Amino acid sequence: MLKTADASGAAALHAMKKIEAIIKPFKLDDVKEALHEIGLQGMTVIDARGFGRQKGHTELYRGAEYVVDFLPKVKVELVVADRQLDAAIEAIRKAAHSGRIGDGKIFVYNVEDAVRIRTGESGEDAI
């Protein structure tokens, strides 16, 4: 497990963070480009469906009205060093922002360790 010292000198157990961002599909290229511009390269993208406060919307099909409650979304996952966290969140937030309902959410988790399968590198070296 990685340990780094924080400003108080106490050992911090988490030197990496996992970011999960749920965004609108048409914003994916903008988010990818924004992350690339700040030097972050690797990410995982998953097609997803979901809803938040907006609870979907109503559509009309062949004269019948129906509720579309699971809207298409994209989930972007990446692991970053603690020092890159704020820049990554801001890049995602700005790139994914449209100002309309359903722009998405960003979640941040502590990461204990990472291991690159090919080389056996671990910690930040693996990301």
Side-chain angles (χ1 to χ4, degrees):
M1 190 178 322
L2 290 171
K3 292 184 180 182
T4 58
D6 64 12
S8 67
L13 294 177
H14 306 288
M16 297 174 289
K17 301 287 191 230
K18 178 180 181 181
I19 300 171
E20 288 184 2
I22 311 296
I23 62 173
K24 292 181 176 182
F26 68 89
K27 288 291 192 173
L28 178 59
D29 287 337
D30 294 342
V31 168
K32 181 179 127 186
E33 186 63 33
L35 290 170
H36 182 72
E37 285 177 11
I38 63 167
L40 297 174
Q41 301 166 12
M43 69 178 69
T44 300
V45 177
I46 302 164
D47 289 324
R49 294 185 309 148
F51 65 90
R53 291 184 186 161
Q54 81 270 23
K55 297 183 180 67
H57 63 276
T58 304
E59 288 191 5
L60 196 60
Y61 179 72
R62 294 189 179 186
E65 197 172 272
Y66 66 100
V67 176
V68 177
D69 54 359
F70 287 101
L71 302 172
K73 301 288 181 181
V74 172
K75 181 177 177 181
V76 177
E77 298 181 349
L78 63 151
V79 176
V80 300
D82 278 356
R83 66 183 174 281
Q84 298 170 308
L85 180 64
D86 292 338
I89 289 173
E90 189 62 16
I92 294 168
R93 193 190 66 73
K94 283 182 176 179
H97 181 265
S98 72
R100 296 188 302 260
I101 289 175
D103 273 352
K105 298 270 192 310
I106 300 172
F107 302 98
V108 179
Y109 305 91
N110 290 320
V111 174
E112 296 287 329
D113 201 359
V115 177
R116 185 184 313 267
I117 294 172
R118 179 177 55 85
T119 63
E121 293 170 293
S122 65
E124 284 186 37
D125 293 336
I127 59 173

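Hydrogens, waters and symmetry mates play no part in the numbers below; they use all other heavy atoms, side chains included. None of these values were measured; they are calculated from a predicted model.
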TODO: Give the cluster check for I23 versus V108: same hydrophobic cluster or not, with ILVMFWY residues linked at side-chain heavy-atom distances below 4.5 Å.
DONE: yes

Open item on the list: Test of understanding: clusters of I, L, V, M, F, W, Y form through side-chain heavy atoms closer than 4.5 Å, transitively. Do L85 and V76 belong to the same one?
Closed with: yes

Task: Path from I22 to Y109 over hydrophobic side-chain contacts below 4.5 Å - done: yes

Open item on the list: Taking side chain to side chain contact (heavy atoms under 4.5 Å, CB included) as the definition, give me every residue that meets it alongside R116, ordered by chain and number, with sequence neighbours left out.
Closed with: R118, T119, E121, A126

TODO: Check for a donor-acceptor pair, side chain of D103 on one end and backbone N or O of S98 on the other, with a separation under 3.5 Å.
DONE: yes

Open item on the list: Restricting to side chain to side chain contact (heavy atoms under 4.5 Å, CB included), what partner residues turn up for I127, sequence neighbours left out?
Closed with: M16, V79, A114

Open item on the list: Walk me through whether E77 and I19 qualify under side chain to side chain contact (heavy atoms under 4.5 Å, CB included).
Closed with: CA-CA 6 Å; E77 298 181 349; I19 300 171; over 6 Å; no

Open item on the list: Working note: K27 + D30, criterion side chain to side chain contact (heavy atoms under 4.5 Å, CB included); need CA distance, chi angles, decisive distance, verdict.
Closed with: CA-CA 5 Å; K27 288 291 192 173; D30 294 342; 3.7 Å; yes

TODO: Please report the shortest heavy-atom distance between P25 and P72, naming the atom on each side.
DONE: CD-O, 3.4 Å

Task: Check: D113 side chain, G123 main-chain N or O, donor-acceptor pair, under 3.5 Å - done: yes

Task: Criterion side-chain contact (heavy atoms from CB on, under 4.5 Å) against V45, the qualifying member of L78, L28, V31 - done: L28

- [ ] Flag yes if I89 and I38 sit in one hydrophobic cluster, no otherwise; membership is Ile, Leu, Val, Met, Phe, Trp, Tyr, and two members link when side-chain heavy atoms are under 4.5 Å apart.
- [x] yes

Open item on the list: To the closest 0.5 Å, what do you measure between NZ (K105) and NZ (K73)?
Closed with: 8.5 Å

Open item on the list: Tell me whether L40 shares a hydrophobic cluster with M43, the cluster being built from Ile, Leu, Val, Met, Phe, Trp, Tyr side chains joined at under 4.5 Å.
Closed with: yes

Task: E20: salt bridge (charged side-chain N to carboxylate O under 4.0 Å, His left out) partners, not counting sequence neighbours - done: K18, K75

- [ ] Take R83 and E124, measure what salt bridge (charged side-chain N to carboxylate O under 4.0 Å, His left out) needs, and give me the verdict at the end.
- [x] CA-CA 11 Å; R83 66 183 174 281; E124 284 186 37; 2.8 Å; yes

- [ ] State, with a plain yes or no, whether a side-chain heavy atom of D82 is found less than 4.5 Å away from one of K17.
- [x] yes

Task: Side-chain donor/acceptor of E90 to backbone N/O of A87, under 3.5 Å - done: no

Task: Heavy-atom neighbours of K24 NZ exceed 12 at 6.0 Å - done: yes

